[in-house]
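As the structure lists them, so they are numbered: ligands from 1, and atoms in each ligand from 1. Reckoned from all heavy atoms, side chains included, excluding hydrogens, waters and symmetry mates. Nothing here was measured: the structure is a model prediction, and the numbers come from that model.
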Amino acid sequence: MPLLEIRNLTKIYPQGESVLGGNSRGRSEVRAVDDVSLDIHAGETLGLVGESGSGKSTLGRLTLRLIEPTTGSIRFEGRDLLSAPRGEMRRLRRDMQIIFQDPFASLDPRFRVEDIIAEPLIIHGSTTAEGAPSSPGFAKGGITNPGRRARVVELLRAVGLDESILQRFPHEFSGGQRQRIGIARALALRPKFIVADEPVSALDVSVGAQIVNLLAQLQRDFGLTYLFISHSMPVVRYLSTRIAVMYRGQIVEMGSTEQIAERPQHPYTRSLLEATPEVAI
Ligand code: ADP
Ligand code: MG
């Protein structure tokens, strides 16, 4: 059984996002995701590649039910995500996390590193180093709660940082360090599945390469499954087991990384391969 089964997923926005603002004449329906079906298997990285505006982020968000589809179905470990009641959805949310492109926008600037990483633990009431549900009241211990602090330090070390930064704020860090903090936060609840939406697109190539290597290491250490989104074929190739190519809301080609890179069938896939020189990452 695949970890995730996506069937005929469609997301239609009644009015497309327009750079001209909201005064375009008539209705311009946008099929941001158009009848997409795919499986994601436990332990793999499915790379999702396509040009800007092709629907990658919309598909990533739909997969986690951060937005609701117009039609279609999503199963996570065989359970129908879209009909999951509140309580079950809350439990499922622990297993599914997202890493964003811009770690500065996704980290609250008013919070210290310790609070940022501990927040999911507090919300979900999981404060022990093992991630087991705590006894009632344990979560009220504030940021100095020893079990939670130990878990935050463990997470920092997992992403190549250490406890010396616990009391610092996001603006004090470089883009790469902020992305590491965002990753530590995403790992806090021991998720099974992570959507990484252009996690290195805002970073320098060398810093991006370090983050990609970190994601690969974390996958091995924690048995993670990724949906890895990027507009860059070389980045997707480096990390992915399989690659899905997205064009205008549809998956136009999907196959093993080798198959997509060496024997692309679709003209759009070929153009993506040609557009991106083989940079070493
Ligand atoms: P990508 O991540 O590949 O750049 P997106 O999923 O962000 O693509 O966008 C796909 C299409 O859907 C684009 O045409 C975009 O303008 C449109 N879109 C995305 N989000 C919204 C929204 N909230 N409202 C209206 N249109 C949207
Ligand atoms: Mg996007």
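- Not a single heavy atom of Gly50 sits under 4.0 Å from any atom of ligand 1.
- Nearest approach of Arg242 to Ile40, heavy atoms of both residues: NH2-CA, 4.3 Å.
- At least one heavy atom of Glu51 sits under 4.0 Å from some atom of ligand 1.
- Residue pairs meeting the salt bridge (Lys or Arg N to Asp or Glu O under 4.0 Å) criterion with at least one partner in residues 249-266, sequence neighbours excluded, are Arg237-Glu262, Glu258-Arg263.
- In this structure, Phe76 has no ring-ring contact (aromatic ring centres under 6.0 Å, His included) partners at least two apart in sequence or on a different chain.
- Residue Gly53 has at least one nitrogen or oxygen atom sitting less than 3.5 Å from a nitrogen or oxygen atom of ligand 1, judged on distance alone.
- If you check each of Val30, Ile67, Ile12 against atom 17 (C) of ligand 1, the one with the closest non-hydrogen atom is Val30.
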Audit row: Glu51, Ser54, side-chain hydrogen bond (donor to acceptor under 3.5 Å, both in side chains) steps and yes/no: CA-CA 6 Å; Glu51 67 195 344; Ser54 57; over 6 Å; no

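- Under the side-chain contact (heavy atoms from CB on, under 4.5 Å) test applied with Phe193, the options Ile98, Leu224, Leu4 reduce to a single match, Leu4.
- A salt bridge links Asp39 with Arg7: the distance from a Lys NZ or Arg NE/NH1/NH2 to an Asp or Glu carboxylate oxygen falls below 4.0 Å.
- Residues Arg220 and Gln217 bring a donor and an acceptor atom of their side chains to less than 3.5 Å of each other.
- A salt bridge does not link Arg91 with Glu88: every distance from a Lys NZ or Arg NE/NH1/NH2 to an Asp or Glu carboxylate oxygen is 4.0 Å or more.
- Within a radius of less than 2.8 Å around the Mg ion (ligand 2), the protein N, O or S atoms are Ser57 OG.
- Proximity of Met246 to ligand 1, defined as any heavy-atom pair under 4.0 Å, is not found for any part of the residue.
- Between Ser230, Pro14, Ser52, Gly55, it is Gly55 that holds the heavy atom closest to atom 8 (O) of ligand 1.
- Legend: salt bridge (Lys or Arg N to Asp or Glu O under 4.0 Å) pairs involving residues 198-215, not counting sequence neighbours, sorted by first then second residue: Lys56-Glu198.
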